[in-house]
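One structure is given below, encoded as structure tokens.
Here is the naming used below: chain letters follow the sequence lines, and residue numbers restart at 1 for every chain.
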Amino acid sequence: SQQGEEDPQALSIQEGENATMNCSYKTSINNLQWYRQNSGRGLVHLILIRSNEREKHSGRLRVTLDTSKKSSSLLITASRAADTASYFCATVPSSNDYKLSFGAGTTVTVRA
Amino acid sequence: SQTIHQWPATLVQPVGSPLSLECTVEGTSNPNLYWYRQAAGRGLQLLFYSVGIGQISSEVPQNLSASRPQDRQFILSSKKLLLSDSGFYLCAWRLKGSRVNTEAFFGQGTRLTVV
């Protein structure tokens, strides 16, 4: 079963705007990760946030984690056309650190 | 540096035919290995993962099986394909052990169409 669920399913924004997507999960985790997938390709890791962290930044990416609400958000600032892709959250559960389960993803379209 | 190879990139197979998809990792040893399936426009479904040679954990009962005959080789198989087996199959690896806070590295995927 999928551990994470992203919201919204799809997002369309203008270049230069910020894009925010959310991820909710069901069980306690060791860490939560965000990935990006360009159409028809493999996934690329973007950022990892540990369960004891609340916020993390990487370039134009900002990730937050609220373990009490079992949710995370990914913010992409000053979006570019090249940011058009699908974004997935993935969780490593506390009960089994070998597993890595993904959500359904958010498809982001950045209009030039 | 580590690399992951997955082949073939595309495959069209008739219903009832066998399947063998192969994934190999270079530049690391004793990784965790994963097979995922992605239906069109959907998320990734974890099918199998392996923590070592011959050790396979199945997440979803289905028409598929996996094997890990060597440390860095992961194979996804089926004896008889169904139409519902169509999808985009992705192989991935992660470091294991005490380093639980590690990301996964993905192959480029195999697009399987069962006709």
Find out if a path of hydrophobic residues (ILVMFWY) with successive side-chain heavy-atom gaps under 4.5 Å connects [X] to [Y].
{"X": "L74(A)", "Y": "L65(A)", "value": "yes"}
{"X": "L43(A)", "Y": "W7(B)", "value": "no"}
{"X": "I75(B)", "Y": "L21(B)", "value": "no"}
{"X": "I49(A)", "Y": "Y87(A)", "value": "yes"}
{"X": "L76(B)", "Y": "L83(B)", "value": "yes"}

Query raised in the report: Where on Q38(B) is there a heavy atom nearer than 4.5 Å to chain A: the side chain, the backbone, both, or neither?
Result: side chain

Report summary line: So, the part of F105(B) with a heavy atom under 4.5 Å from chain A: the answer is neither

Query raised in the report: Taking the six-membered ring where the residue is Trp, are the ring centres of Y49(B) and Y98(A) under 6.0 Å apart?
Result: no

**Report entry** Any E103(B) side-chain heavy atom under 4.5 Å of I47(A) side chain
**Finding:** no

Query raised in the report: Are F88(A) and L44(B) close enough that some pair of their side-chain heavy atoms sits under 4.5 Å apart?
Result: yes

Report task. Taking all non-hydrogen atoms of both residues into account, name the closest pair between R94(B) and K99(A) and its distance. Result -> NH1-O, 3.8 Å

Query - Non-hydrogen atoms of F88(B) and Q37(A) that approach each other most closely - result: CE2-NE2, 3.8 Å

Query raised in the report: Does a sphere of radius 6.0 Å around CZ in R60(A) hold more than 12 heavy atoms from other residues, nucleotides or ligands, not counting ones at 6.0 Å or beyond?
Result: yes

Query - Part of N38(A) lying under 4.5 Å from any heavy atom of chain B - result: neither

Report summary line: Honestly, the part of Q9(A) sitting under 4.5 Å from a heavy atom of chain B is neither

Query - OH on Y36(B) to CG on L100(A), rounded to 0.5 Å - result: 4.0 Å

Query raised in the report: Taking I4(B), L90(B), L46(B), V51(B) one by one, which has the highest count of heavy-atom pairs under 4.5 Å against chain A?
Result: V51(B)

Query raised in the report: Does Q33(A) reach the main-chain N or O of T102(B) with its side chain, forming a donor-acceptor pair under 3.5 Å?
Result: yes

